[in-house]
Amino acid sequence: MAELKFRRLTRNALPLDTVRLARFLIGCTLVHDLSGTPLAGRIVETEAYLPGDAASHAFRGETRRNRAMFLRRGHAYVYISYGVWPMLNVSSEEEGTGAAVLLRALEPMAGLEEMPRGPNRIRDVDIARGPGRLARALAITLAHDRADLCGPGPLFLAAPVRKAGPILTTTRIGITKDAERPLRFIEAGSPYLSGSRRLNAG
DNA sequence: TCACTGATCGTCT
DNA sequence: GACGATCAGTGAG
């Protein structure tokens, strides 16, 4: 297998706007370099959680848990969902503004053999489909909360290896407040998306 | 393929 | 004391 070279994204490359960042990240690469064995995938699905958004964890202001959402854009916000699953977000605004982009699905690109797959033999197409499985596949834990994804650390964002196709917009998944807003972004036709086929058809 | 349900626990009210 | 930005398993069509 050919070695893939990952070019780290600088913070300046990230749009300073939550919706624009959520679209920008489609096609970009997420890399977790574990002692020379990179786990990596193309981002194919994101959701935006805006300032003043009732569905956002930052809606009621800064707390111990959501502090990373208030860091400068490009930092990891990791929290545990349903007591079990870590979820990875990217902070998306200026320091002091609580907003983030949730990474919901990856097209696996490197380190497939090394990725944690859970109790059963999950198919490659499902290994990073959904935010909980995405974090599991890339070995992301609460320890990565507040990590700088534009810094020199092992977990980082990288430039697209292959350009993204057309991007569709849909409603977000799994929320009850502000559920109608079109703030979920997907690469059209990708087989690696979470959510129902109907929702992904646009 | 879709609909429904139980598991599970940190965080905030 | 209640509530999830979910997943995996089950059963029906």
Side-chain angles (χ1 to χ4, degrees), chain A residues 18-19 21-23 25-26 30 41 43-71 73-93 97-108 115-147 149 155 168-187 189-202:
Chain A
T18 304
V19 169
L21 179 63
R23 297 185 69 100
L25 287 176
I26 300 291
L30 179 66
I43 299 168
V44 296
E45 176 178 348
T46 64
E47 282 179 359
Y49 288 86
L50 310 182
D53 179 349
S56 169
H57 287 175
F59 185 60
R60 289 183 173 78
E62 187 174 328
T63 66
R64 194 168 68 226
R65 175 176 66 157
N66 68 20
R67 191 150 300 153
M69 292 183 80
F70 292 81
L71 298 175
R73 68 194 190 282
H75 287 81
Y77 166 45
V78 182
Y79 74 97
I80 301 294
S81 178
Y82 291 88
V84 181
W85 305 96
M87 306 257 169
L88 175 65
N89 299 249
V90 182
S91 67
S92 55
E93 299 278 344
T97 300
V101 174
L102 171 66
L103 305 187
R104 289 194 54 93
L106 296 181
E107 172 182 336
M115 289 183 182
R117 288 174 184 249
N120 299 314
R121 288 187 185 173
I122 195 169
R123 296 179 305 162
D124 286 351
V125 74
D126 293 325
I127 195 169
R129 191 156 83 91
R133 286 180 287 202
L134 180 157
R136 182 179 66 193
L138 262 68
I140 290 162
T141 70
L142 265 188
H144 296 99
D145 188 39
R146 304 188 212 178
L149 302 178
L155 182 64
L168 296 181
T169 305
T170 79
T171 54
R172 294 176 289 186
I173 293 178
I175 57 172
T176 54
K177 301 165 199 153
D178 269 348
E180 302 307 313
R181 303 177 77 177
L183 292 174
R184 173 173 175 262
F185 304 93
I186 60 178
E187 180 179 46
S190 170
Y192 301 95
L193 302 173
S194 72
S196 68
R197 181 162 290 194
R198 197 172 94 83
L199 183 62
N200 293 336

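Residue numbers begin at 1 in each chain, while the letters A, B, ... track the order of the sequences. Remember, it's a predicted structure, so these values are computed and weren't measured experimentally.
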Mind calculating the distance between [atom1] ([X]) and [atom2] ([N]) to the nearest angstrom?
{"X": "A:I173", "N": "C:dT6", "atom1": "CD1", "atom2": "P", "result": "8 Å"}
{"X": "A:Y79", "N": "C:dC3", "atom1": "OH", "atom2": "C1'", "result": "12 Å"}
{"X": "A:D126", "N": "C:dG9", "atom1": "CG", "atom2": "P", "result": "12 Å"}
{"X": "A:M69", "N": "C:dA5", "atom1": "CE", "atom2": "P", "result": "11 Å"}
{"X": "A:L199", "N": "B:dC2", "atom1": "CG", "atom2": "P", "result": "11 Å"}
{"X": "A:E47", "N": "C:dA5", "atom1": "CD", "atom2": "P", "result": "10 Å"}
{"X": "A:R60", "N": "B:dT13", "atom1": "CZ", "atom2": "P", "result": "6 Å"}
{"X": "A:K177", "N": "C:dA2", "atom1": "NZ", "atom2": "P", "result": "16 Å"}

How is [X] classified with respect to the nucleic acid when contacts are heavy atoms under 4.0 Å: base, sugar-phosphate, or nothing?
{"X": "A:L102", "result": "base"}
{"X": "A:R104", "result": "sugar-phosphate"}
{"X": "A:R184", "result": "nothing"}

Under 5.5 Å centre to centre and under 30° between planes: does that hold for A:Y82 and the six-membered base ring of C:dT6? yes
Answer yes or no: is there an ion pair linking A:D53 with A:R172, defined by an N-O contact shorter than 4.0 Å? yes
Steps toward ring pair (Phe, Tyr, Trp, His ring centres under 6.0 Å) verdict (A:Y79, A:H57): CA-CA 10 Å; A:Y79 74 97; A:H57 287 175; 4.5 Å; yes
Assigned partner base of B:dT8, Watson-Crick or wobble definition, under 3.5 Å: none
Pairing partner (Watson-Crick or G-U wobble, both distances under 3.5 angstrom) of C:dA5: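 Per the H-bond distance test, none.
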Would you say C:dA8 has OP1 or OP2 under 4.0 Å from some side-chain N or O of A:R133?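 Affirmative; the distance criterion is met.
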Ignoring backbone atoms, test whether A:R136 places a side-chain nitrogen or oxygen under 4.0 Å from the OP1 or OP2 oxygen of C:dA8.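 Checking A:R136 against C:dA8: at least one side-chain N or O falls below 4.0 Å of OP1 or OP2.
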From B:dT11, B:dT1, C:dC7, pick the nucleotide closest to the side chain of A:P131? C:dC7
Identify which nucleotide among B:dT8, C:dA5, B:dC12 has an atom closest to any side-chain atom of A:N89, counting heavy atoms from C-beta outward.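 When the side chain of A:N89 is considered, C:dA5 is the closest of B:dT8, C:dA5, B:dC12.
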Given 3.5 Å as the limit, does a donor-acceptor pair link the side chain of A:T46 with the main chain of A:A22, or not?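 Checking the backbone N and O of A:A22 against the side chain of A:T46, a donor-acceptor pair under 3.5 Å is found.
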Please tell me if the side chains of A:I122 and A:R133 come closer than 4.5 Å, counting only heavy atoms from C-beta onward.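 Of all side-chain heavy-atom pairs linking A:R133 with A:I122, at least one is under 4.5 Å.
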Checking side-chain polar atoms at under 3.5 Å, does A:R184 have a donor or acceptor matched by the opposite partner on A:T170?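 Their side chains do contain a donor-acceptor pair, which is all the 3.5 Å distance test asks for.
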